[in-house]
Amino acid sequence: MDATLPVDLFGGGVVAAPMAGGPSRPELAAAVGAAGGLGFLAGGYKAPEALAAQLDAMDGGRPFGVNLFVPSPAEADREAVLAFRERLLPEAAAVGADVPEPRWTDDDGYPAKLDLLLGRVPAAVSFTFALPARSAVTALRAAGAFTLQTVTGPDEALAAAELGVDALVVQHPDAGGHSGSFLGLPAFAGTLPELVAAVRAALSSAGAQLPVVAAGGIGTPEAAAAARDAGAAAVQLGTAFLRTPEAGTNAVYRAALADQDFARTALTRSFSGKWARSLENGFMRRFADAPAAYPVLHYLTAPMKAASVRAGSPERTSLWAGTGWRGAHDERAADVVARFAR
Ligand SMILES: Cc1cc2nc3c(=O)[nH]c(=O)nc-3n(C[C@H](O)[C@H](O)[C@H](O)COP(=O)(O)O)c2cc1C
């Protein structure tokens with residue numbers, strides 16, 4: 001039998017995914033919590049002080065989670081990055097932006113943010129992009145946090161279970177935003193329910209009892225029900241919350257999500273150097289061959305992306321979206337929680 005999720009935290013089984021880069025702000029996490037879901041703050045790309053300010057804003061409210069990007073060893077081919085940078089210069093110039101010099105090492109301030117969370121312990125902490133140190137998981141759990149690890153396949157699930165986290169977020173390649181895969185490409189060939197079943201089978205044959213939260217491409221209550229039928233104890237939705245008034249999604253991004261002219265999403269490394277799913281725009285098509293160099297490319301493209309948004313154009317900015325994006329509506333976060341609750 002699987003372990004279950006604590007009802008006081010996971011309520012009706014809907015988790016609002018942490019969404020770094022603006023969408024996951026305290027208003028969204030609070031509204032999701034008040035509606036009986038589990039809201040998340042996104043620690044990624046934020047200075048520790050900025051994350052602390054968001055924790056302050058959550059004081060006194062419902063329980064919530066915080067997500068951290070775990071740094072992994074840099075994998076940048078310097079020549080490929082410099083060639084990418086040369087090609088980026090005219091793209092950035094087209095929206096009046098510069099391209100900075102490459103920043104070859106960056107840990108996203110992870111150690112300081114981990115310390116912050118050990119001092120101001122949220123109800124849940126989730127990790128993505130790599131496995132944290134065992135000592136971090138042990139310390140957070142001892143301090144009372146419920147810990148989750150994002151995995152994209154059975155091998156990653158077994159590695160995370162071995163580390164001692166409380167639950168897994170099983171992320172399908174249909175997910176919006178970055179893949180949390182740490183042992184290879186986000187390459188699972190089947191559906192999300194099939195991925196959930198494959199992970200559960202692997203856990204069960206290893207004798208591990210861990211609840212699974214299913215994520216990736218869930219755009220309808222039927223898709224959520226299918227993930228639950230496959231054994232997921234909850235669903236984690238990102239894209240479905242992007243158009244809610246409580247999310248910090250910028251206006252250009254919001255408009256693109258509603259724009260019928262965007263016909264598909266695709267996986268791309270062009271914005272950050274790591275595979276992520278976005279509505280397909282011109283920049284992605286022109287840079288389909290971008291090298292694996294996360295987060296080096298993220299910092300190279302950041303001024304261009306910001307300038308594209310300021311100019312009101314969706315063509316040179318990331319538009320993270322899962323394959324179920326047509327199911328994201330302009331509705332209150334509480335209504336999304338209600339639609340997808342068990
Ligand atoms: C805009 C955006 C930002 C995201 N940022 C994060 C993040 O900071 N940390 C994380 O673990 N996952 C992040 N994700 C991935 C989500 O956790 C989740 O896997 C995904 O949203 C599920 O797929 P869906 O968008 O189709 O619902 C992000 C997703 C989106 C759409």
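In each ligand, atom 1 is the first atom listed, and ligand 1 is the first ligand listed.
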- Item | Within-cut-off N or O pair, Thr239 and ligand 1, under 3.5 Å | yes

- Item | Smallest separation among heavy atoms of Gln149 and Leu131, with atom names | CD-CD2, 3.6 Å

- Query: Polar-atom distance check: Thr323 versus ligand 1, any N or O pair below 3.5 Å?
  - Reply: no

- Query: Counting heavy atoms only, which of Ala175, Gly22, Gly176 is nearest atom 15 (C) of ligand 1?
  - Reply: Gly176

- Is Pro18 in contact with ligand 1, taking contact as a heavy-atom separation below 4.0 Å? yes

- Does the side chain of Val337 come within less than 4.5 Å of Phe241's, by heavy atoms? yes

Can you give me every donor-acceptor pair (side chain of residues 295-303, partner residue at least two apart or in another chain, under 3.5 Å) with its distance?
from   : atom 1 : to     : atom 2 : distance (Å)
Tyr299 : OH     : Asp106 : OD1    : 3.4
Tyr299 : OH     : Asp106 : OD2    : 3.1
Thr301 : OG1    : Phe271 : O      : 2.7
Thr301 : OG1    : Leu297 : O      : 3.2
Thr301 : OG1    : His298 : O      : 3.4

- Those residues that, when tested against Asn67, pass side-chain contact (heavy atoms from CB on, under 4.5 Å) (two or more places apart): Pro18, Phe40, Phe69, Ser126, Thr128

- Message: When you compare ligand 1 with Tyr253, is there at least one nitrogen or oxygen pair between them that comes in under 3.5 angstrom?
- Response: no

- Query: Between Ala20 and ligand 1, is there a nitrogen or oxygen pair with a distance under 3.5 Å?
  - Reply: yes

- Between Arg254 and Asp330, is there a side-chain N and carboxylate O pair less than 4.0 Å apart? no

- So, is His178 polar-close to ligand 1, with some N/O to N/O distance under 3.5 Å? no

- Tell me which protein heavy atom sits closest to atom 4 (C) of ligand 1, plus the residue, atom name and distance to 0.1 Å. Met19 CA, 3.4 Å

